[in-house]
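Presented below is the structure to which this report refers.
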Amino acid sequence: MRILVVEDEPKTAAYLRKGLSEHGYVVEAADNGIDGLQLALHGQFDLVLLDLMLAGLDGLSLLRQLRAQRNTPVLVLSARDTVDDRVAGLQLGADDYLVKPFAFSELLARVQTLLRRSQQRVDMVLHVDDLEVDLARRRVTRAGRRIDLTAKEFALLDYFVRHTGRVLSRTLIAEHVWGLSFDSDTNVVDVTVRRLRAKIDDGQASKLVHTLRGVGYIFEFRAA
Ligand code: CA
């Protein structure tokens, strides 16, 4: 897990880096808002710890610009403890707020909670190429365009997306999606795959559903 610490007080930054590293996190730090924003936008971080009073670019402005592009979880750390600041931070999309000074154990507990929460959120939204499958809301989009699926088509896509890159026989698909011991005379799998394929692949440069003649199907991204 990678954590970005944006904090201009060297002592606090060192304290956070040391404590979080000891708990197995990989920590990068920025000591001003401008560097912090660049790192947050272009690096791969699971969480950002953000001080509000920063040189260059203040924490709330950083948060506003970050949220325009990314939804990395943000825990605001601030000596300011007015209700207005807290509300402003949360309205701009901060996930939690901790007032300085704080006990490291409390910070750690909040970090762990935020990381766990975002991990669950990620698990509920699966991506293959530009296809996005939101399992909780049962919403499917490709390149941002909404795709309406029947319940069976959605169940089939769910199974495909969770088994990306694997060879799936008709029997396996039937057992998992229809829950029946498959009658090899029926072509229900092929018919449903064909409908699903028409909805997600037709008109797309790259295809996701691939037929292995006599074997079954593979669901994966292949460049056009
Ligand atoms: Ca500061």
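From a predicted model like this one, the values you see are computed outputs, not experimental measurements. Remember, it's 1-based here, ligands and their atoms both numbered in the order they're listed. In this chain, residues are counted from 1 in sequence order.
Looking only at N/O/S atoms, D8 comes nearest to the Ca ion (ligand 1) through OD1. Nearest N, O or S atom of D51 to the Ca ion (ligand 1): atom OD2.
In this structure, E153 contributes its side chain and T150 its backbone to a donor-acceptor pair below 3.5 Å.
Looking at R116 and D95, no side-chain N of the basic residue comes within less than 4.0 Å of a carboxylate O on the acidic one, giving no salt bridge. Ionic pairing of D130 and R142 is present here: one or more N-O contacts between side-chain nitrogen and carboxylate oxygen are shorter than 4.0 angstrom.
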Problem set entry | Worked check of salt bridge (charged side-chain N to carboxylate O under 4.0 Å, His left out) between R162 and D158 | CA-CA 6 Å; R162 290 174 196 262; D158 182 337; 2.4 Å; yes
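Here M53 meets the criterion, with an N, O or S atom under 3.0 Å of the Ca ion (ligand 1).
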